[in-house]
Amino acid sequence: MPSMAQNGPRSNLQNQKKQSNFPNKSRNSDSLARRERIKSQRLSLPIASVKERLIEEVKTHDILIIVGETGSGKTTQLPQFLFNAGFCRDGKAIGITQPRRVAAVTVAKRVAEECGVELGQKVGYSIRFDDKTSSSTRIKYMTDGLLLREALLDPYLSRYSVIIVDEAHERTVHTDVLLGLLKNVQNVRSNSMKDHVNTDDKKSKNRTVQEKGTGAQCTSFLKQGHGRKFPPLKLIIMSASLDARVFSEYFGGARAVHIEGRQHHVDILYALHPVQDYLDATLVTIFQIHLEEAPGDILVFLTGQEEIESIEGLVQEQLHKLPEANRKLSTVPIFSSLPSEQQMRVFMPASPGHRKVILATNIAETSVTIPGIKYVIDPGFVKARSYDPVKGMESLIIIPTSKAQALQRSGRAGREGPGKCFRLYPEHEFEKLEDSTKPEIKRCNLSNVILQLKALGVDDIIGFDFMEKPSRAAIIKSLEHLFLLGALTDDCKLSEPVGHQMARLPLDPIYSKALILASQFNCLEEMLITVAMLSVESIFYTPREKLDEARTAAKCFSSPDGDHLTLVNVYRAVDGLLEKRKMEFGNEKSLKGKNEKFLRKWCKENFINGRSLRHARDIHSQIRGHVEQMGLRISSCGDDVLQFRRCLAASFFLNAALKQPEGTYRALASGQVVQIHPSSVLFQSKAECVIFNELVQTTKKYIRNVTRIDYLWLTELAPHYYASQS
DNA sequence: GAGCACTGC
């Protein structure tokens, strides 16, 4: 991770413009001094000393693996080196992908500043809902998911001469799919040039030979490319050290180069014996550091909100037993569902003389970098999502971290000076850990991945050259799922128009299908709102200390028919309020900020998660644009709620459940016994038949986001699935 | 009567 790639939660990004009240002259000398400082900072980065060698490596190798340790400067400097070396001739661009939005934005800003250009001109970024690029952009930072979307419109990624995949070791689904795709594109692009060299009459013969040599996927790409010529694509994969070999092997023994980093030394201390209770051990270690070690803040990695809150309470309890002079210790929690204002507390210095203990989830591993950390406590566990393709069920389980993860965590202590990391397990246990975390693609629902690949022209999914292939069972299950949704034809091709329409929408395939159906059921307005609200983290925010108040507030929106209509009610309440303000105050720009403030207040009063609501509104407007372009009819069913419920049944027929005599439900697709989640408005409602959107295993198997339907609708609206079963 | 790590289009 480059040192400037991240600075706190997303919400902080807007406040980076610095105002200056100085007259022009001194501002000029200010900026001159700043330019000089930046220049010397750049020159002192480890990567600066190997600049010429790196450019040479990229010139001579089409694929290069770069192992860059933290602080090497690879993310900010390499694109600039390549730009200056002429890699953007002919108007081509260098694309750099990041797994996270914040990183793409902050790095782009930094590089624009280093280049002395306005953001969005030569240097820009593009992430969902926020595009700061123009036709003159040559160095473009983006999220890996966005480049995948771009590939749907431009399968040869023809505007890029170089693509750099940064943080590849994190192995997100997007990174993995992208790597497979890029390998293909690169093949096709270099072959298209070989074609170019041949004379025209030899061309068709030559192509058949190449198709045999380069595999099935190239065939499908070549068909689309049909005679077009592309300059070769340079591919650079940047990764942390432990995984370099895997990438090199995947790319046919590609050359790997190493760039040293700049990180302070971190002492690793292990427990002598295995600990019985890691929470207890954590507590003991916090106080051991507090009472015996030099000043400096502590970062503790825990698995979730519950652990964080429990440790917080225990620390307070222990503190009161200490003499007054030793009580100068303050705890600060951080996890993703915490409202942004509270997240910001980790960046505030502790009161004078106090030591700060940050109790964090994985969010502090990569997403948020907290300054001032000298000590890290790593109990060695993480909460991870796992997915059972056969049951179609997700669950969250606590598992040991990987070696790479342990390394990443300890690195957090050495950003500003030497630090210490306390691993709460014996050293021989470390040796037993997996090298790296299991790639996400092996533990998630593949429907979306497969739909994307099909849309990119990859027909043979099982034969696709994944870096790490998902299980055959998982692939088959998702193919089946897409087939039942009507996205695939009998011979497993993307169907026309449904499959292609679904692939265009940046949503879960089942939600995309719901939108298409809704236009036929005359309730697309309602469905647009529904899928936007279902696509974000929980809309309702229920703090433990105000449980009753929150419940009362939620009742105002609740619909007797279920959670889907309840979500529509929330969205429409907000829309109505904003509409009313527009009538009252007009539509001036100055109102925008006031509206945001108004919305924040309203959310707080109504126990709605403002961040989630904003996100849902963004998704809503993006998706609305898409369906308009697709020519779907957008209309509302008005008060005809029945029509909407029938549409929900037609869309989510795969997720239907029937009440059983003893009050539990049976999921019809898998036969599992499930219960309605207590957060649902239908909890204890005794609805005979329901559809749901999520099946999660926690203490029990719960279904979430539930709406009551009539059982007979299923055979009527999804006969291809239910007629044979009943 | 329950709690869910983190990303992303």
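Just so we're on the same page: letters track the sequence lines, and every chain starts at 1.
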- Among the nucleotides dG1(B), dG3(B), dT7(B), whichever has the atom closest to the side chain of Ile363(A) is dT7(B)
- Query: Could you walk me through whether Glu167(A) and Arg100(A) pass the salt bridge (charged side-chain N to carboxylate O under 4.0 Å, His left out) check?
  - Reply: CA-CA 10 Å; Glu167(A) 313 284 2; Arg100(A) 276 172 299 281; 5.3 Å; no
- Task: Assign the ring pair Phe430(A) / Tyr425(A) to parallel, tilted or perpendicular, where the plane angle (0 to 90°) is split at 30° and 60°.
- Result: parallel
- Item | Spacing between Arg385(A) atom CZ and dG8(B) atom P, to the nearest angstrom | 13 Å
- Query: 5'-most contact on DNA chain B: Asn362(A) or Leu507(A), nearest heavy atom basis?
  - Reply: Asn362(A)
- Please tell me which of the listed nucleotides, dG8(B), dC6(B), dA2(B), lies nearest to the side chain of Pro678(A)? dA2(B)
- In terms of side-chain heavy atoms of Ser679(A), which of dC9(B), dA2(B), dT7(B) is nearest? dA2(B)
- Task: Look at the side-chain N and O atoms of Lys383(A) and state whether any lies under 4.0 Å from the OP1 or OP2 oxygen of dC6(B).
- Result: no
- Separation of dT7(B) P from Leu147(A) CG (nearest whole Å): 21 Å
- Side chain of Arg100(A) (C-beta onward), nearest among dG8(B), dA5(B), dC9(B): dG8(B)
- Report the nucleotide, chosen from dC9(B), dG1(B), dT7(B), that has the shortest atom-to-atom distance to any side-chain atom of Arg551(A). dG1(B)
- Message: Measuring from the side chain of Ser336(A) (C-beta onward, heavy atoms only), which nucleotide among dC9(B), dT7(B), dA2(B) has the closest atom?
- Response: dT7(B)
- Task: With the side chain of Ile127(A) defined as its heavy atoms from C-beta on, choose the nearest nucleotide among dG1(B), dC6(B), dC9(B).
- Result: dC9(B)
- Query: Taking only residues two or more places apart in sequence or in another chain, which ones pass ring pair (Phe, Tyr, Trp, His ring centres under 6.0 Å) with His677(A)?
  - Reply: Tyr702(A)
- Between Gln697(A) and Gln452(A), name the one whose nearest nucleotide on DNA chain B is closer to the 5' end. Gln697(A)
- Item | Qualifying residues under side-chain contact (heavy atoms from CB on, under 4.5 Å), relative to Asp561(A), sequence neighbours excluded | Ser559(A), Leu565(A), Val641(A), Arg645(A), Arg708(A)
- Query: Which whole-number value in Å describes the distance from Ile676(A) CD1 to dG1(B) P?
  - Reply: 14 Å
- Item | Which nucleotide in dG8(B), dA2(B), dA5(B) has an atom nearest any side-chain atom of His174(A) | dG8(B)
